[in-house]
Amino acid sequence: MSDVEKARTSQNSHYDKPANFAPRPTKIANPGALGLFSFASTTFLLSMYNVNARDIHTPNVVVGMACFSGGLAQFLAGMWEFPRGNTFGATAFTSYGAFWMSYATILIPGSGVVSAYTSTEEFSQAIGLYLITWFILTFMFLLGALRRNIAFMALLFFLCITFLLLAIGAWSGTASLNKAGGGFGILTAWIAYYCALSDLLVKGESWFTLPLGTIKQERVD
(Lines give C-alpha, C1' and ligand atoms only; values in the text may rest on other atoms or scores of the structure.)
Protein backbone atom coordinates (compact mmCIF):
# COMPACT_ATOMS: atom_id res chain seq x y z
CA MET A 1 0.00 0.00 0.00
CA SER A 2 1.39 3.37 -1.00
CA ASP A 3 1.88 6.26 1.41
CA VAL A 4 -1.01 8.14 -0.25
CA GLU A 5 -3.39 5.19 0.24
CA LYS A 6 -2.29 4.85 3.88
CA ALA A 7 -2.99 8.52 4.47
CA ARG A 8 -6.46 8.21 2.91
CA THR A 9 -7.24 5.12 4.97
CA SER A 10 -6.16 6.88 8.16
CA GLN A 11 -8.28 9.91 7.29
CA ASN A 12 -11.37 7.80 6.56
CA SER A 13 -11.01 5.87 9.80
CA HIS A 14 -10.80 9.19 11.64
CA TYR A 15 -14.16 10.33 10.25
CA ASP A 16 -15.76 6.91 10.86
CA LYS A 17 -15.24 7.26 14.62
CA PRO A 18 -18.41 8.26 16.53
CA ALA A 19 -18.41 11.89 17.59
CA ASN A 20 -18.25 12.65 21.28
CA PHE A 21 -21.01 15.12 22.15
CA ALA A 22 -20.45 15.08 25.92
CA PRO A 23 -20.88 18.51 27.50
CA ARG A 24 -17.69 20.43 28.13
CA PRO A 25 -16.65 21.06 31.73
CA THR A 26 -18.06 24.38 32.92
CA LYS A 27 -17.76 26.62 35.95
CA ILE A 28 -21.32 27.90 35.50
CA ALA A 29 -23.31 27.43 38.71
CA ASN A 30 -26.56 25.46 38.63
CA PRO A 31 -29.21 27.91 37.33
CA GLY A 32 -32.07 25.55 38.16
CA ALA A 33 -32.99 27.23 41.44
CA LEU A 34 -33.12 30.66 39.78
CA GLY A 35 -35.37 29.40 37.00
CA LEU A 36 -37.70 27.55 39.34
CA PHE A 37 -37.98 30.35 41.92
CA SER A 38 -38.71 32.84 39.13
CA PHE A 39 -41.35 30.55 37.62
CA ALA A 40 -42.90 29.76 41.01
CA SER A 41 -43.15 33.37 42.20
CA THR A 42 -44.73 34.68 39.01
CA THR A 43 -47.12 31.73 38.77
CA PHE A 44 -48.13 32.15 42.40
CA LEU A 45 -48.85 35.87 42.00
CA LEU A 46 -50.95 35.50 38.85
CA SER A 47 -52.81 32.52 40.29
CA MET A 48 -53.71 34.53 43.38
CA TYR A 49 -55.23 37.13 41.07
CA ASN A 50 -57.07 34.38 39.17
CA VAL A 51 -58.80 33.25 42.37
CA ASN A 52 -59.63 36.93 43.10
CA ALA A 53 -57.59 36.99 46.32
CA ARG A 54 -58.17 40.19 48.31
CA ASP A 55 -61.01 40.92 45.88
CA ILE A 56 -58.52 41.72 43.08
CA HIS A 57 -59.92 41.34 39.56
CA THR A 58 -57.27 43.15 37.50
CA PRO A 59 -53.99 41.20 37.22
CA ASN A 60 -51.81 43.93 35.68
CA VAL A 61 -49.45 44.19 38.68
CA VAL A 62 -48.05 40.85 37.47
CA VAL A 63 -46.63 42.57 34.36
CA GLY A 64 -43.42 43.59 36.13
CA MET A 65 -42.94 40.09 37.55
CA ALA A 66 -43.72 38.50 34.20
CA CYS A 67 -41.22 40.71 32.38
CA PHE A 68 -38.26 40.42 34.72
CA SER A 69 -38.68 37.52 37.16
CA GLY A 70 -40.72 34.89 35.34
CA GLY A 71 -39.55 36.28 32.00
CA LEU A 72 -35.97 37.58 31.85
CA ALA A 73 -34.53 35.71 34.87
CA GLN A 74 -36.03 32.40 33.80
CA PHE A 75 -35.00 32.95 30.18
CA LEU A 76 -31.40 33.54 31.30
CA ALA A 77 -31.55 30.41 33.47
CA GLY A 78 -32.45 28.50 30.32
CA MET A 79 -29.54 30.04 28.43
CA TRP A 80 -27.14 29.01 31.21
CA GLU A 81 -28.46 25.44 31.12
CA PHE A 82 -27.27 25.01 27.52
CA PRO A 83 -23.50 25.05 28.23
CA ARG A 84 -24.13 22.73 31.18
CA GLY A 85 -25.51 20.15 28.73
CA ASN A 86 -28.99 20.06 30.30
CA THR A 87 -31.21 20.03 27.20
CA PHE A 88 -34.46 19.54 29.14
CA GLY A 89 -33.78 22.35 31.61
CA ALA A 90 -32.56 24.69 28.89
CA THR A 91 -35.63 24.09 26.73
CA ALA A 92 -38.14 24.32 29.59
CA PHE A 93 -36.72 27.43 31.28
CA THR A 94 -36.24 29.28 28.00
CA SER A 95 -39.74 28.38 26.83
CA TYR A 96 -41.50 29.44 30.03
CA GLY A 97 -39.38 32.58 30.25
CA ALA A 98 -40.61 33.43 26.76
CA PHE A 99 -44.16 32.57 27.85
CA TRP A 100 -44.10 35.07 30.69
CA MET A 101 -42.63 37.82 28.54
CA SER A 102 -45.24 37.18 25.86
CA TYR A 103 -48.03 37.19 28.46
CA ALA A 104 -46.77 40.48 29.89
CA THR A 105 -46.79 41.95 26.37
CA ILE A 106 -50.49 41.11 26.06
CA LEU A 107 -51.28 42.99 29.29
CA ILE A 108 -49.23 46.09 28.44
CA PRO A 109 -51.70 48.62 26.96
CA GLY A 110 -49.07 50.14 24.69
CA SER A 111 -48.51 46.81 22.93
CA GLY A 112 -51.86 47.19 21.19
CA VAL A 113 -52.63 43.47 21.53
CA VAL A 114 -55.89 43.85 23.47
CA SER A 115 -57.05 46.94 21.57
CA ALA A 116 -56.66 45.09 18.26
CA TYR A 117 -59.78 43.03 19.09
CA THR A 118 -63.17 44.52 18.34
CA SER A 119 -65.02 42.47 20.96
CA THR A 120 -64.32 40.90 24.34
CA GLU A 121 -65.64 37.57 23.07
CA GLU A 122 -63.10 37.46 20.23
CA PHE A 123 -60.27 38.33 22.61
CA SER A 124 -61.36 35.57 25.02
CA GLN A 125 -61.35 33.01 22.22
CA ALA A 126 -57.87 34.14 21.17
CA ILE A 127 -56.58 33.90 24.76
CA GLY A 128 -58.08 30.40 24.96
CA LEU A 129 -56.06 29.32 21.91
CA TYR A 130 -52.96 30.95 23.40
CA LEU A 131 -53.39 28.98 26.64
CA ILE A 132 -54.20 25.67 24.94
CA THR A 133 -50.98 26.03 22.92
CA TRP A 134 -49.03 26.18 26.18
CA PHE A 135 -51.02 23.24 27.51
CA ILE A 136 -49.83 21.20 24.51
CA LEU A 137 -46.20 22.23 25.03
CA THR A 138 -46.39 21.53 28.76
CA PHE A 139 -47.81 18.07 28.07
CA MET A 140 -44.81 17.38 25.84
CA PHE A 141 -42.49 18.50 28.65
CA LEU A 142 -44.38 16.15 30.96
CA LEU A 143 -43.62 13.25 28.62
CA GLY A 144 -39.95 14.25 28.71
CA ALA A 145 -39.95 14.31 32.52
CA LEU A 146 -41.49 10.86 33.03
CA ARG A 147 -38.10 9.27 33.75
CA ARG A 148 -36.63 12.15 35.76
CA ASN A 149 -38.21 12.55 39.19
CA ILE A 150 -41.63 12.57 40.82
CA ALA A 151 -41.49 16.26 41.82
CA PHE A 152 -41.00 17.52 38.25
CA MET A 153 -43.65 15.13 36.99
CA ALA A 154 -46.11 16.52 39.54
CA LEU A 155 -45.17 20.11 38.67
CA LEU A 156 -45.76 19.65 34.94
CA PHE A 157 -48.89 17.55 35.47
CA PHE A 158 -50.59 20.23 37.56
CA LEU A 159 -49.33 22.93 35.19
CA CYS A 160 -51.06 21.05 32.36
CA ILE A 161 -54.31 21.08 34.32
CA THR A 162 -53.85 24.80 35.06
CA PHE A 163 -53.44 25.73 31.39
CA LEU A 164 -56.31 23.48 30.36
CA LEU A 165 -58.76 24.91 32.91
CA LEU A 166 -57.80 28.49 32.08
CA ALA A 167 -58.17 27.83 28.35
CA ILE A 168 -61.62 26.27 28.75
CA GLY A 169 -62.58 29.07 31.13
CA ALA A 170 -61.57 31.67 28.52
CA TRP A 171 -63.55 29.91 25.79
CA SER A 172 -66.67 29.36 27.87
CA GLY A 173 -66.54 32.54 29.93
CA THR A 174 -67.05 30.49 33.09
CA ALA A 175 -65.58 32.32 36.08
CA SER A 176 -65.48 29.16 38.22
CA LEU A 177 -63.12 27.49 35.73
CA ASN A 178 -60.78 30.48 35.86
CA LYS A 179 -60.78 30.25 39.66
CA ALA A 180 -60.16 26.50 39.48
CA GLY A 181 -57.24 27.18 37.13
CA GLY A 182 -55.95 29.70 39.65
CA GLY A 183 -56.21 27.13 42.43
CA PHE A 184 -54.22 24.56 40.47
CA GLY A 185 -51.77 27.32 39.56
CA ILE A 186 -51.14 28.00 43.26
CA LEU A 187 -50.52 24.28 43.81
CA THR A 188 -48.15 24.24 40.83
CA ALA A 189 -46.28 27.24 42.23
CA TRP A 190 -45.73 25.57 45.60
CA ILE A 191 -44.41 22.42 43.94
CA ALA A 192 -42.04 24.63 41.91
CA TYR A 193 -40.93 26.33 45.16
CA TYR A 194 -40.19 22.90 46.62
CA CYS A 195 -38.14 21.88 43.56
CA ALA A 196 -36.26 25.19 43.64
CA LEU A 197 -35.44 24.84 47.32
CA SER A 198 -34.27 21.28 46.68
CA ASP A 199 -31.83 22.62 44.07
CA LEU A 200 -30.69 25.37 46.44
CA LEU A 201 -30.00 23.10 49.40
CA VAL A 202 -26.78 21.55 48.13
CA LYS A 203 -25.46 18.50 49.97
CA GLY A 204 -22.44 19.45 52.05
CA GLU A 205 -23.40 23.13 52.16
CA SER A 206 -26.82 22.87 53.85
CA TRP A 207 -28.10 21.35 57.07
CA PHE A 208 -30.59 19.23 55.17
CA THR A 209 -31.75 18.43 51.64
CA LEU A 210 -35.15 17.87 50.06
CA PRO A 211 -35.76 14.69 48.03
CA LEU A 212 -37.26 15.01 44.55
CA GLY A 213 -38.31 11.37 44.30
CA THR A 214 -35.64 10.27 41.86
CA ILE A 215 -36.69 7.47 39.54
CA LYS A 216 -34.09 4.76 39.05
CA GLN A 217 -32.66 4.87 35.54
CA GLU A 218 -31.60 1.82 33.57
CA ARG A 219 -27.94 1.85 32.63
CA VAL A 220 -27.34 2.64 28.98
CA ASP A 221 -23.94 1.49 27.65
Side-chain angles (χ1 to χ4, degrees), residues 33-78 92-139 141-142 154-197:
L34 170 64
L36 286 165
F37 274 129
S38 301
F39 172 84
S41 298
T42 314
T43 301
F44 177 76
L45 182 61
L46 180 61
S47 297
M48 291 294 284
Y49 294 153
N50 284 336
V51 298
N52 304 133
R54 308 295 295 178
D55 202 30
I56 297 171
H57 298 272
T58 304
N60 287 56
V61 169
V62 82
V63 169
M65 286 278 287
C67 284
F68 297 103
S69 182
L72 181 60
Q74 191 175 185
F75 188 88
L76 289 174
F93 284 142
T94 305
S95 297
Y96 289 120
F99 161 75
W100 281 116
M101 287 188 281
S102 69
Y103 185 77
T105 302
I106 295 172
L107 295 180
I108 296 173
S111 68
V113 174
V114 178
S115 60
Y117 291 89
T118 56
S119 68
T120 305
E121 175 63 22
E122 184 184 9
F123 175 71
S124 297
Q125 296 304 310
I127 283 291
L129 284 175
Y130 172 83
L131 293 169
I132 208 68
T133 300
W134 284 99
F135 160 74
I136 294 170
L137 181 60
T138 302
F139 180 74
F141 283 140
L142 175 59
L155 191 159
L156 292 167
F157 173 76
F158 287 114
L159 185 58
C160 277
I161 296 177
T162 301
F163 277 127
L164 186 60
L165 288 173
L166 291 175
I168 298 173
W171 282 334
S172 64
T174 306
S176 59
L177 285 175
N178 288 327
K179 285 190 175 183
F184 276 100
I186 292 171
L187 177 59
T188 301
W190 280 109
I191 296 173
Y193 274 132
Y194 178 90
C195 294
L197 190 58

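The structure displayed is predicted, hence computed values, not measured ones.
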Nearest 0.5 angstrom please: [X] [atom1] to [Y] [atom2], how far?
{"X": "Phe68", "Y": "Thr42", "atom1": "CZ", "atom2": "OG1", "result": "12.0 Å"}
{"X": "Phe75", "Y": "Cys67", "atom1": "CZ", "atom2": "SG", "result": "13.5 Å"}
{"X": "Ile132", "Y": "Ile127", "atom1": "CD1", "atom2": "CD1", "result": "13.0 Å"}
{"X": "Leu36", "Y": "Gln74", "atom1": "CG", "atom2": "CD", "result": "7.5 Å"}
{"X": "Ile56", "Y": "Leu45", "atom1": "CD1", "atom2": "CG", "result": "8.5 Å"}
{"X": "Thr133", "Y": "Ile136", "atom1": "OG1", "atom2": "CD1", "result": "5.5 Å"}

Practice problem: State which residues pass side chain to side chain donor-acceptor pair (under 3.5 Å) with Ser119; sequence neighbours excluded, sorted by chain then number. | Solution: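 Side chain to side chain donor-acceptor pair (under 3.5 Å) check on Ser119 returns nothing, list empty.
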Practice problem: With sequence neighbours excluded, tell me which residues meet side chain to side chain donor-acceptor pair (under 3.5 Å) with Ser69. | Solution: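 Ser69 satisfies side chain to side chain donor-acceptor pair (under 3.5 Å) with no residue once adjacent residues are dropped.
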Practice problem: Kindly indicate whether the side chain of Tyr193, heavy atoms from C-beta on, has any atom under 4.5 Å from the side chain of Ser41. | Solution: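 A side-chain contact under 4.5 Å exists here.
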Quiz item: Is there side-chain contact between Leu76 and Phe93, with at least one heavy-atom pair below 4.5 Å?
Solution: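 Leu76 does not reach Phe93 side chain to side chain.
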Pairs under 3.5 angstrom only: tabulate donor-acceptor contacts from the side chains of residues 176-187 to other protein residues two or more places apart or in another chain.
none

Quiz item: Around Phe139, counting heavy atoms of other residues, nucleotides and ligands shown, do more than 12 lie under 6.0 Å from its CZ?
Solution: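 No, because the 6.0 Å sphere around CZ of Phe139 holds 12 heavy atoms or fewer from other groups.
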Quiz item: For Phe123, does the CZ atom sit with more than 12 other heavy atoms under 6.0 Å from it, leaving out its own atoms?
Solution: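 Yes, CZ of Phe123 has more than 12 neighbouring heavy atoms, counting only those of other groups under 6.0 Å.
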Self-check item: Smallest separation among heavy atoms of Leu34 and Ala73, with atom names
Solution: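 Residues Leu34 and Ala73, closest heavy atoms: CD2-O, 3.9 Å.
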Quiz item: Nearest heavy-atom pair of Tyr117 and Ala126: which atoms, and what distance?
Solution: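 Scanning both residues, the minimum pair turns out to be OH-CB, 3.4 Å.
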Show me, pair by pair, the donor-acceptor contacts under 3.5 angstrom made by side chains of residues 98-113, not counting sequence neighbours?
from, atom 1, to, atom 2, distance (Å)
Ser102, OG, Ala98, O, 3.3
Ser102, OG, Phe99, O, 2.7
Ser102, OG, Tyr130, OH, 2.7
Thr105, OG1, Met101, O, 2.8
Ser111, OG, Thr105, O, 2.6
Ser111, OG, Ile108, O, 2.7
Ser111, OG, Val113, N, 3.4

Quiz prompt | Partner set under ring-ring contact (aromatic ring centres under 6.0 Å, His included) for Phe157, not counting sequence neighbours | solution =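 Phe157 satisfies ring-ring contact (aromatic ring centres under 6.0 Å, His included) with no residue once adjacent residues are dropped.
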Quiz prompt | Where at least one partner belongs to residues 37-58, residue pairs that pass ring-ring contact (aromatic ring centres under 6.0 Å, His included), sequence neighbours excluded | solution =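 Applying ring-ring contact (aromatic ring centres under 6.0 Å, His included) to every pair that reaches into residues 37-58, excluding sequence neighbours, yields Phe39-Tyr96, Phe44-Trp190.
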Exercise. Run the numbers on Ser95 and Trp134 for side-chain contact (heavy atoms from CB on, under 4.5 Å), then give the verdict.
Key: CA-CA 10 Å; Ser95 297; Trp134 284 99; 4.3 Å; yes
